[in-house]
Amino acid sequence: QVQLVESGGGLVQPGGSLRLSCAASGSIFSFSTMAWHRQAPGKQRELVASITSYSSTKYADSVKGRFTISRDNAKSTVYLQMNSLKPDDTAVYYCNAMGHFWGRGTQVTVSS
C-alpha cells in the first residue's frame, strides 16, 4: 500500500509561484513513476506532469516552461514548482503514484 500526502497549495496572485510537495510512504517510491494531476471545477482531471524513476519528465502543453516536476528519492517526495501562475491553473492538484495510488489533493487558487 502506498500513501500520498500533498502540501503547499494556497492562494496566489497571477504571475506568482508555488511549490507543491507530495510525501509518499512505502519502500517502492524510488522505483515508481510519479505524477501530478489537477481538476478544475466542472472539468475532468488532467495530467499536469510526470517523472519516471530515472527522472525523465513529461509536461502538459499548458504548463510547459512554467512548471517543473522533480523528485528526491531519499525523502520519498515529489515536487511541482509552479511559476508564472495563471487563473486557469486554479484547481485541486493531486499526486499519483504508478498510475494507481492517489493523494487527497491540495487546492491551488490563482486570483487577484
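- Between Thr77 and Ser21, the closest heavy-atom pair is CG2-CB, 4.3 Å.
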Report all side-chain donor-acceptor pairs from residues 78-88 shorter than 3.5 Å, counting only partners two or more places apart or in another chain.
| unit_1 | atom_1 | unit_2 | atom_2 | d |
| --- | --- | --- | --- | --- |
| Gln81 | NE2 | Asn83 | OD1 | 2.9 |
| Asn83 | OD1 | Ser17 | OG | 2.9 |

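- Counting only distance, with no hydrogens or angles, the side chain of Ser76 and the backbone of Ala23 share no donor-acceptor pair below 3.5 Å.
- Here the closest heavy-atom approach between residue Ala24 and residue Leu4 is recorded as CB-CD2, 3.5 Å.
- Going from atom CH2 of Trp102 over to atom SG of Cys22 covers 11.0 Å, rounded to the nearest 0.5 Å.
- In this structure, CD on Gln107 lies 7.5 Å from OG1 on Thr90, to the nearest 0.5 angstrom.
- A side-chain hydrogen bond (donor to acceptor under 3.5 Å, both in side chains) check over residues 2-11, counting only residues at least two apart or in different chains, returns nothing.
- Considering every non-hydrogen atom in both Leu47 and Ala35, the closest pair reads CD1-CB, 3.8 Å.
- Under the rule for a side chain to side chain donor-acceptor pair (under 3.5 Å), the partners of Lys64 that lie at least two apart in sequence or sit in another chain are Asp61.
- To the nearest 0.5 Å, atom OG of residue Ser70 and atom CE of residue Met34 are 11.5 Å apart.
- Side-chain heavy-atom separations under 4.5 angstrom define the hydrophobic clusters, and Phe31 shares its cluster with no other residue.
- Between Trp36 and Ile69 the shortest heavy-atom distance is CD1-CD1, 3.7 Å.
- The line from OG1 of Thr57 to CZ of Phe67 is 14.0 Å long, rounded to the nearest 0.5 Å.
- The disulfide bond (SG atoms under 2.5 Å apart) analysis of residues 29-58, with sequence neighbours excluded, yields no pairs.
- In terms of modelled atom types and a separation under 3.5 Å, the side chain of Arg71 and the main chain of Thr33 share no donor-acceptor contact.
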Considering only distance and modelled atom types, tabulate donor-acceptor pairs under 3.5 Å from the side chains of residues 91-100, sequence neighbours left out.
| unit_1 | atom_1 | unit_2 | atom_2 | d |
| --- | --- | --- | --- | --- |
| Tyr93 | OH | Arg38 | NH1 | 2.9 |
| Tyr93 | OH | Asp89 | O | 2.6 |
| Asn96 | OD1 | Gly99 | N | 2.8 |
| Asn96 | ND2 | Phe101 | O | 3.3 |

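- The shortest heavy-atom contact between Tyr59 and Thr68 is OH-CA, 3.4 Å.
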